[in-house]
Amino acid sequence: MLSAEEKAAVTTLFGKVKVDEVGGEALGRLLVVYPWTQRFFESFGDLSTADAVFGNPKVKAHGKKVLDSFCEGLKQLDDLKGAFASLSELHCDKLHVDPENFKLLGNVLVVVLARRFGSEFTPELQANFQKVVTGVANALAHRYH
Amino acid sequence: MVLAPADRAAVLALWRKLGTNVGIYTTEALERTFVAFPSSKAYFLHLNLSPGSAQVRAHGQKVADALTLAVNHLDDLPRTLSALRELHTHKLRVDPVFFKLLCHCQLVTLARHYPGDFSPNMHASLVKFLNHVISALAPSSG
């Protein structure tokens, strides 16, 4: 999927990511920008406004969980299906999440990285991350195939 | 389909802030689309697509002008963009997926250049606006 050089570029940038902040921001933006995704988080309480979403500690905590999994995936880019097998089972068989939502979250994460890294987030680096988020989304959707 | 007042106000305010730079950012969005999604270059094989290409810049400005037209005619996008819809749908036969990729790269570009303005609510307003534009340009994309 990625050359050794591209993997290094992705890992280097991700090494600078504040995992607990970026995860919460990505999940929060998903819930605000694509409100139907809130249906999977009804137990989180008030998600009715952007302020409510971003002030919700459960969103922040779950966002961190999501990004921690993503970080683990980055260590296994050659076998994302294996890396995400049990999460795929959970999201597809138990939570019944439409796989389209994995792509949405991936793209929201790319937007968040662009916002935080500015000029460092070159078109080439974006391209590398698009390959990663697509790979992760496909791995998570694997149980549907 | 009409944008809610809050979304409309947010997009108009951002566009005022972008001013004459809309073309620069739309060109960057196009360049990002070509790099991140290489199959999108298929629609532009008649252009020089090397980095910094004047032809890509010229097309970026065309797209920027169309987006600015859309921002200023939010009440009637289908009629405002009807000629462009005809061109893109029937003459150029652009896959609507391409518009979604370009819009995603437009969001990436704006987030990269205006991090302070790119709040979650602004992000949501821009997505709604761009989805309206896509619907007006490619109605069959749903």
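In the text below, chain A, chain B and the rest are named by the order of the sequence lines, each starting its count at 1.
- In plain terms, the two heavy atoms of A:G118 and B:R112 that are nearest each other are O-CG, 3.3 Å.
- Below 4.5 Å, heavy atoms of chain A meet no heavy atom from residues 48-59 of chain B.
- A:Q126 has its side chain within reach of B:C105: a pair of non-hydrogen atoms, C-beta onward, lies under 4.5 Å apart.
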Per-pair distances, 0.1 Å, donor-acceptor, side chain in residues 37-45 of chain B, under 3.5 Å, sequence neighbours excluded:
{"unit_1": "B:S40", "atom_1": "OG", "unit_2": "B:T33", "atom_2": "O", "d": "3.3"}
{"unit_1": "B:S40", "atom_1": "OG", "unit_2": "B:F37", "atom_2": "O", "d": "2.6"}
{"unit_1": "B:Y43", "atom_1": "OH", "unit_2": "B:D95", "atom_2": "N", "d": "2.8"}

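- Rounded to the nearest 0.5 angstrom, A:N107 CG and B:L107 CG are separated by 9.0 Å.
- Both B:M122 and A:V110 are assigned to one and the same hydrophobic cluster, defined by single-linkage of ILVMFWY side chains at heavy-atom distances under 4.5 Å.
- In this structure, the side chain of A:R115 engages the main chain of B:P115 through a donor-acceptor pair within 3.5 Å.
- For the residue pair A:A127 and B:V35, the shortest heavy atom distance occurs at CB-O, 3.7 Å.
- Hydrophobic clustering (ILVMFWY, side-chain heavy atoms < 4.5 Å, transitive): A:V53 and A:V22 are in one cluster.
- With a threshold of 4.5 angstrom between heavy atoms, A:T122 approaches chain B through N, CA, C or O but not through any side-chain atom.
- Residues B:L130 and B:V97 do not share a hydrophobic cluster, defined by chaining ILVMFWY side chains whose heavy atoms lie under 4.5 Å apart.
- Linking Ile, Leu, Val, Met, Phe, Trp and Tyr residues whenever their side-chain heavy atoms come within less than 4.5 Å leaves B:L101 and A:L109 in two separate clusters.
- Options B:P120, B:G116, B:S119 differ in how many heavy-atom pairs under 4.5 Å they form with chain A, and the most are formed by B:P120.
- Only the side chain of A:F54 comes within contact range of chain B, with at least one heavy atom under 4.5 Å from a heavy atom of that chain.
- B:V127 touches chain A through its side chain: at least one heavy atom from C-beta onward sits under 4.5 Å away, while N, CA, C and O do not.
- Interface remark: A:Y34 contributes side-chain atoms only to the contact with chain B (heavy atom separation under 4.5 Å).
- The environment of NZ in A:K7 is crowded: more than 12 heavy-atom neighbours from other residues, nucleotides or ligands sit within 6.0 Å.
- Looking at heavy atoms from C-beta onward, B:H123 lies in side-chain contact with A:V111 at the 4.5 angstrom threshold.
- Between chain B and the options A:S119, A:P35, A:G28, A:A50, heavy-atom pairs under 4.5 Å are most frequent for A:S119.
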